[in-house]
Amino acid sequence: MADIEPISFERLPAHIAIIMDGNGRWAEKRHLPRMAGHRAGTENLRNIIKACVEFGVKYLTVYAFSTENWKRPQDEIDGLMRILADVLEKEIEELHQQGVCLRHIGRLEKLDPKIQEKINSAIKLTKNNDQLFMNIAWNYGGRDEIIYAVHQIIEQQIEPKQINEETFSDFLYTHQSPDPDLVIRTSGEMRTSNFLLWQSAYSEWYFTPVLWPDFGREELMEAIFDFGNRERRFGGRKNKDSDKSYAG
Ligand code: FPP
């Protein structure tokens with residue numbers, strides 16, 4: 001078989017974060033139970049991880065279970081926890097082979113101790129990988145993360161004058177990752193839903209009506225091409241050759 005030409009992107013985001021939305025509607029459209037949608041979403045996540053490794057994206061953060069998701073019916077919560085346990089048990093070896101370094105963001109201590117153990121051993125197994133750094137946001141909330149950071153700062157008796165935007169970031173769950181360049185939300189919803197509130201201050205957002213289980217490699221490419229055409233100014237103004245003072 002001929003080698004596949006590597007895709008050349010004009011500008012590749014170093015860090016992509018995704019709100020994987022629309023599993024329930026995907027299942028509903030097919031008259032299937034909601035869990036079938038979550039399983040299809042998990043299958044799709046596997047494709048997206050592969051595509052990120054292929055394209056050379058260095059950081060991927062996925063919003064899989066929010067601090068608000070505890071409000072869902074218990075059978076759905078249990079089903080999602082089972083999916084996580086299965087992935088950590090059955091798929092970790094393949095992720096490890098792909099060079100994925102797995103990390104968790106969120107309140108770990110509120111999860112079942114058995115799940116905590118699986119998460120910790122997956123983190124340990126993959127800690128030296130550097131092909132793709134993948135943050136799984138599980139029991140994660142952006143506001144909760146900011147409160148967590150404040151508690152850490154107080155507990156560690158950090159001097160107020162030592163706190164600035166950079167040092168504050170060091171206390172967030174994501175302290176090992178750069179801020180996301182691109183945040184994708186599938187399924188047509190246009191909200192941030194408490195995801196990476198601090199970190200996405202200057203991210204480019206990409207909203208698509210495609211439901212998460214259908215958001216495959218091609219759709220990811222489209223999002224990256226769209227990102228490549230955006231002009232990121234970080235609060236500054238357009239950098240024109242005729243007026244260097246515009247630089248933001
Ligand atoms: C949102 O769709 C999706 C979730 C709350 C769960 C996402 C989880 C996965 C894809 C599993 C990933 C697994 C691992 C191990 C990271 P929704 O149920 O809110 O869909 P709806 O808005 O159409 O009802």
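Atoms within each ligand, like the ligands themselves, are counted from 1 in listed order.
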**Study point:** Close-contact set for ligand 1 against V87 heavy atoms, below 4.0 Å
**Key:** 15 (C)

Exercise for review: Ignoring hydrogens and angles, state whether a donor on the side chain of T167 or D170 is under 3.5 Å from an acceptor on the partner side chain.
Suggested key: no

**Study point:** contact_flag E28 ligand 1 heavy-atom lt 4.0 Å
**Key:** no

**Study point:** Hydrophobic cluster membership, V62 vs F195, 4.5 Å side-chain cutoff
**Key:** no

Check your understanding: Under a single-linkage definition using a 4.5 Å side-chain heavy-atom cutoff for Ile, Leu, Val, Met, Phe, Trp and Tyr, are I48 and W205 assigned to the same hydrophobic cluster?
Key -> no

Review point. Does anything in residues 110-164 pair up under ring-ring contact (aromatic ring centres under 6.0 Å, His included), and if so which pairs, sequence neighbours excluded?
Key: Y59-F133, Y63-Y140, F65-W138, Y148-Y173

Practice item. Identify, for atom 1 (C) of ligand 1, the protein heavy atom at the shortest distance, and state residue, atom and that distance. Key: M20 O, 3.3 Å

Point to revise | Protein heavy-atom partner closest to atom 6 (C) of ligand 1 - residue, atom, separation in Å | key: A64 O, 3.4 Å

Point to revise | Element-labelled atoms of ligand 1 that are located less than 4.0 Å from some non-hydrogen atom of R34 | key: 17 (P), 18 (O), 24 (O)

Point to revise | Transitive ILVMFWY side-chain link I136 to I77, under 4.5 Å | key: yes

Review point. Does one hydrophobic cluster hold both L102 and I105, with members joined at side-chain heavy-atom distances below 4.5 Å?
Key: no

Check your understanding: Counting both backbone and side chain atoms, is some N or O of W26 under 3.5 Å from an N or O of ligand 1?
Key -> no

Practice item. Within a distance under 4.0 Å of any heavy atom of R25, pick out the atoms of ligand 1 and give their elements. Key: 21 (P), 22 (O), 23 (O)

Point to revise | Close-contact set for ligand 1 against G24 heavy atoms, below 4.0 Å | key: 17 (P), 18 (O), 20 (O), 21 (P), 23 (O), 24 (O)

Check your understanding: So is S187 close enough to ligand 1, meaning a heavy atom under 4.0 angstrom away?
Key -> no

Exercise for review: Check each heavy atom of K29 against ligand 1 and say whether those closer than 4.0 Å belong to the side chain, the backbone, both or neither.
Suggested key: neither

**Study point:** Heavy-atom nearest neighbour in the protein, as seen from atom 4 (C) of ligand 1, with distance rounded to 0.1 Å
**Key:** H38 CE1, 3.8 Å

Exercise for review: Check each heavy atom of N69 against ligand 1 and say whether those closer than 4.0 Å belong to the side chain, the backbone, both or neither.
Suggested key: side chain

Check your understanding: Nearest heavy atom to atom 13 (C) of ligand 1: which of L80, I19, I83 does it belong to?
Key -> I83

**Study point:** Distance from atom 19 (O) of ligand 1 to nearest protein heavy atom, with residue and atom
**Key:** R72 NH2, 2.8 Å

Practice item. State whether the shortest distance between N or O atoms of N23 and N or O atoms of ligand 1 falls below 3.5 angstrom. Key: yes

Practice item. Verify salt bridge (charged side-chain N to carboxylate O under 4.0 Å, His left out) between R230 and D226, making sure each step is shown before the conclusion. Key: CA-CA 7 Å; R230 309 256 186 113; D226 187 89; 2.8 Å; yes

Review point. If Ile, Leu, Val, Met, Phe, Trp and Tyr residues are connected whenever their side-chain heavy atoms lie under 4.5 Å apart, and connections chain through other members, are F227 and M20 in the same group?
Key: yes

Review point. Nearest protein heavy-atom contact for atom 11 (C) of ligand 1: which residue, which atom, what distance?
Key: T42 OG1, 3.4 Å

**Study point:** Of all pairs that satisfy ring-ring contact (aromatic ring centres under 6.0 Å, His included), the ones with a partner from residues 22-51, not counting sequence neighbours
**Key:** none

Review point. Does the side chain of N139 come under 3.5 Å of the side chain of W70 through a donor N or O and an acceptor N or O?
Key: yes

Check your understanding: If we ignore angles and hydrogens, is there a donor and acceptor under 3.5 Å between the side chains of N194 and S66?
Key -> no

Study note, to complete from the structure: Of I49, L45, T186, the one whose closest heavy atom lies nearest atom 16 (C) of ligand 1 is L45

